[in-house]
Amino acid sequence: MGQRGERIIDYLVEYTGEALLTPSQQSAQARRLLLSLLKKHYGLDSLPEMNAGKDGKPFFRAFPHIHFSLSHCRRAVMAVVGDSPVGCDIEDIRNDDAMEILDVAFTDAERLHITTSANPIETLVRLWTRKEASVKLSGIIPDNPRDWPSAPTEEIALSTIGPLHGCFMTIAVTRSV
């Protein structure tokens with residue numbers, strides 16, 4: 001557990017290699033990773049009951065001080081915990097449909113950055129994980145994905161890792177004040 005005044009933010013990621021997970025396998029693995037983090041930082045031996053806020057963001061009613069986020073794709077799962085709001089996203093780079101969201105999910109500047117980059121698919125997936133993690137942090141999902149932030153703000157810090165094992169992942173946290 002963190003020392004007084006120290007922020008707790010930790011994550012676990014598990015890659016499956018070439019094995020593709022079903023949605024139920026993805027969810028079960030993400031919850032298993034979450035339980036590992038809860039044991040490590042909070043001494044919990046079982047996964048508390050999850051509830052969803054009016055915005056759909058999951059939380060533990062019995063442990064409102066524990067914040068978490070889960071994400072999964074076909075080849076990987078991840079879980080993040082913290083003592084302040086967190087959000088995460090992990091996406092498979094080998095996604096044949098990735099470019100289909102280019103026109104609907106990205107601003108003009110983001111589209112220009114994606115299409116002129118050395119690897120447009122990787123750039124798109126990296127930016128998409130940043131957008132997803134940002135909205136999962138707040139739990140507030142603007143109707144238009146173009147409005148989702150893909151860059152750090154005064155309130156949000158973003159950390160993106162990848163490409164790693166064919167995936168990009170991003171963790172979003174609130175900045176300390």
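Values below: every heavy atom of this structure, side chains too, minus hydrogens, waters and symmetry copies. On a predicted model such as this, the values are computed, not experimentally measured, just so you know.
- With sequence neighbours left out, Asn144 forms a side chain to side chain contact (heavy atoms under 4.5 Å, CB included) with Arg146, Asp147.
- The other residues sharing a hydrophobic cluster with Tyr11 are Ile9, Val13, Tyr15, Met78, Val80, Val86, Ile90, Ile161, Leu164, Met169, Ile171, Val173, where clustering joins ILVMFWY side chains under 4.5 Å apart.
- Checking side-chain atoms of Arg61 against main-chain N and O of Pro48 turns up no donor-acceptor pair under 3.5 Å.
- The side chain to side chain donor-acceptor pair (under 3.5 Å) search around His72 returns Gln26, not counting sequence neighbours.
- Side-chain contacts under 4.5 Å among hydrophobic residues (ILVMFWY), followed directly or transitively, place Leu137 together with Ile156, Leu158.
- At distances below 3.5 Å, not a single donor-acceptor pair connects side-chain atoms of Trp148 with backbone N or O atoms of Ile141.
- Side-chain polar atoms of Thr170 and Asp89 form no donor-acceptor pair below 3.5 angstrom.
- For residues 121-145, the salt bridge (charged side-chain N to carboxylate O under 4.0 Å, His left out) pairs, not counting sequence neighbours, are Glu110-Lys131.
- Remark: Ser24 engages Thr22 in a side chain to side chain donor-acceptor pair (under 3.5 Å) (not counting sequence neighbours).
- Residues Leu70 and Ala79 approach most closely at CD2-CB, 3.5 Å, considering heavy atoms.
- Counting only residues at least two apart or in different chains, salt bridge (charged side-chain N to carboxylate O under 4.0 Å, His left out) contacts with residues 43-60 are absent.
- When the side chain to side chain donor-acceptor pair (under 3.5 Å) test is applied to Thr174, no partner is found at least two apart in sequence or on another chain.
- Under the 4.5 Å side-chain heavy-atom criterion for ILVMFWY residues, a single connected hydrophobic cluster contains both Leu47 and Phe63.
- For Ser69, the side chain to side chain donor-acceptor pair (under 3.5 Å) criterion is met by no residue, not counting sequence neighbours.
- Shown here are the side chain to side chain contact (heavy atoms under 4.5 Å, CB included) partners of Glu14, two or more places apart in sequence or in another chain: Gln29, Arg32, Leu33, Val77.
- Contacts of Ser138 classified as side chain to side chain contact (heavy atoms under 4.5 Å, CB included), with partners at least two apart in sequence or in another chain: Ile140.
- Partners of Thr115 by side chain to side chain contact (heavy atoms under 4.5 Å, CB included), not counting sequence neighbours, listed by chain and number: Leu102.
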